[in-house]
Amino acid sequence: MTATTMDGTRRDFLYVASGAMAVVGAAATAWPFIDQMNPTAAALAMATTEIDIASVQPGQQIVYKWRGHPLFVRRRTPAEIASSKAVDVSSLPDPLARNANKPDSAPATDDERVIKSEWLVLIGVCTHLGCTPTVSTPASPEGEYGGWLCHCHGSQYDASGRIRKGPAPQNLAVPPYAFLSDTRIKVG
Amino acid sequence: MSGPSTYNPKSGFEKWIDQRLPLPRLMHDTMQTFPTPRNLNIWYTFGGILTFCLGVQILTGVVLAMHYVANAGMAFDSVEAIMRDVNYGWLMRYIHSNGASMFFLAVYIHMFRGLYYGSYKAPRELLWIIGVFIYLLMMATAFFGYVLPWGQMSFWGATVITNLFSAIPLVGTQIATWLWGDFAVGDATLNRFFSLHYLLPFIIAGVVGLHVWALHVPGNNNPLGIDVKSPQDTVPFHPYYTVKDAFYLCLFVLLFAVFVFYAPNFFGNPDNYVQANPLVTPPDIVPEWYLLPFYAMLRSIPNKLMGVLVMGGAIVTLFFIPWLDTSRVRSCRFRPLMKQFFWAFAVVCVILGYCGSQSVDAAVAGIPLIWAARLATFYYFLFFWILMPIIGLIETPKKLPTSIAQSVLGEPAAAPAE
């Protein structure tokens, strides 16, 4: 009687232990198969790009490529800067600056979106589903806010790259960058 | 399989095989003597047509893979080389690209037929659910395949669809990066999509096997939606339905051939003959026609996460249909109320497709299409989650015939039909 119970318990223990071991083994085997899909070491090597911005005229945007994404460099006119500064942050859908050069909690005021007010540097990827928004100029306006319009699903950004209307949840991201001189920036 | 096997091995060799691997018995019982309701109409021939489509896609796909190069720098040129240099490469590619559209055309007819005749109702719930899984696998396969030519629509379609996953709170961005194998859609993405595009059709073939198995346990539903009651109600599958299926398959292939030979780019988008450019999004991104209704739903919701949830919910809803329909009558032929809402649903799906094909700010007769899409999306969910359960409870169905044979042949004494 006692022996039978002992036997049963022992068997149960072996059963559970080997079952648990098999689960751990399966998980350990599965992980390499999952992780191989993540970016390779080559893709992870953080690329930095130096850009000469001397040729960008006021009111103009030039698109560069950084880490596979379009990079917007826009030299803003005084009127665009003034209208961006005048916006009340509490009226914005996304109240955060989304600026890699500032603290995460920085508010989305125009000053927190730039290093120098004249230069707006953005990752040109719509925060909705990743399309490249089209820049708005006085000659060919795009959207109502004088910034960018994403033609894919109708998101509109202002001249500070902040989301104002449409399905995109966040402001256009500002990448980490620094001025090396007045006409040269290093991104990344 | 329903009923005992009627296979009778004649030669010694057939007996020898039958005792070791009864494959001839399986074929005989499922494709020859299988008792099938005698009243199946044209809409029941699409199961066979779909099997044909899968075969065509696998055959032409294997050939295309012999010439295609899955590399972001070479993919576009390799497709052009298939079109210009490879012997009959243009034919292989046009059959494959139009084949995808024909496949979806057939599957939508097949699904609407199942909805109309109540083919998802007991005891065929699993049959329906396996079918929805096949539909999901088809959508994934078609999406991966559309990326491979590495044109502008390929690239931006891939960008938009993979970005859907970034709507998931907290881990969304990591999931998107994991899918891409990079920080944007690129070479790594193209390679893995090619691998999966080659794999999935064989998974589909396996699940189709389960689908046919699940069909052969309860047997076919039929346009009357009533159960088979006696051998009088059925005919053997061969030759009656093999010939009927073959006849309509020929008509279907005729339509297929019209597109392949006379309008091979009818379903395509001219932007996909422009090589992928990560810096320029085309002004209007549209998915292939068969995904447009879901795309319209996504765009009609002005919130990223909600839009993605609604679109996913529209597909997940299909799994619950067997339990959302409370009616005891299967076929809409005897459901006067349901029939009207069914056709309204079919029209709504077309409206959604149209809305999805137009640009976001388009309007028809002064009405912004985004509102048409919102109303249509609302009806889609209303139909399945509210109308379907309620109508089943309040509707008075018409009188059902006593049997399939009586309905087809008239009263027992009447002259034999067919």
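The figures that follow rest on heavy atoms only: side chains count, while hydrogens, waters and symmetry mates do not. On a predicted model such as this, the values are computed, not experimentally measured, just so you know. Residue numbers begin at 1 in each chain, while the letters A, B, ... track the order of the sequences.
For B:Trp156, the part sitting under 4.5 Å from any heavy atom of chain A is the side chain, from C-beta outward, and nothing else. Residue contact with chain A, scored on non-hydrogen atoms closer than 4.5 Å, involves the backbone of B:Asn303 exclusively. When heavy atoms are compared at a cutoff of 4.5 Å, B:Pro278 approaches chain A by way of both its backbone and its side chain. Residue contact with chain A, scored on non-hydrogen atoms closer than 4.5 Å, is absent for B:Ile161. Looking at A:Ile34, both its backbone and its side chain come within 4.5 Å of chain B, counting heavy atoms on both sides. Contact annotation for A:Thr127: only backbone heavy atoms (N, CA, C, O) come within less than 4.5 Å of a heavy atom of chain B. Residue B:Phe165: no heavy atom, backbone or side chain, is found under 4.5 Å from chain A.
Heavy-atom pairs under 4.5 Å with chain B were tallied for A:Gly68, A:Cys131, A:Gly154; the largest tally goes to A:Cys131. With chain A as the partner, the residue from B:Leu298, B:Ile285, B:Leu279 showing the most heavy-atom pairs under 4.5 Å is B:Leu279. When the candidates B:Leu164, B:Asp284, B:Val286 are compared by the number of heavy-atom contacts under 4.5 Å with chain A, B:Leu164 comes out ahead. Taking B:Met306, B:Gln174, B:Arg192 one by one and counting their heavy-atom pairs under 4.5 Å with chain A, the maximum is reached by B:Arg192.
Residues A:Phe72 and A:Tyr64 place their aromatic rings such that the two centres sit no closer than 6.0 Å. The ring of B:Phe193 has its center closer than 6.0 angstrom to the ring center of B:Phe143. Residues B:Phe345 and B:Tyr380 place their aromatic rings such that the two centres sit under 6.0 Å apart. When ring centroids are compared, B:Phe384 and B:Tyr379 stay outside the 6.0 Å threshold.
A donor and an acceptor atom, one from each side chain of A:Asn38 and A:Asp35, are located under 3.5 Å apart. Under 3.5 Å, the side chains of A:Ser160 and A:Ser84 contain no donor-acceptor pair of N or O atoms. When only modelled atom types and interatomic distance are considered, B:Ser357 and B:Trp289 share no side-chain donor-acceptor pair under 3.5 Å.
Cation-pi geometry between A:Arg164 and A:Trp148 is not met at under 6.0 angstrom from the ring centre and within 45 degrees of the axis.
Expressed to the nearest 0.5 Å, how far CG of B:Leu352 lies from OG of B:Ser300 amounts to 7.5 Å.
Among the residues in residues 112-124 of chain A, none has a non-hydrogen atom closer than 4.5 angstrom to a non-hydrogen atom of chain B.
By the 30° and 60° cut-offs, the orientation of the rings of B:Phe194 relative to B:Tyr198 is perpendicular.
Counted within 6.0 Å of CG on A:Asp182, heavy atoms from surrounding residues, nucleotides or ligands total 12 or fewer; the atom is thus considered open.
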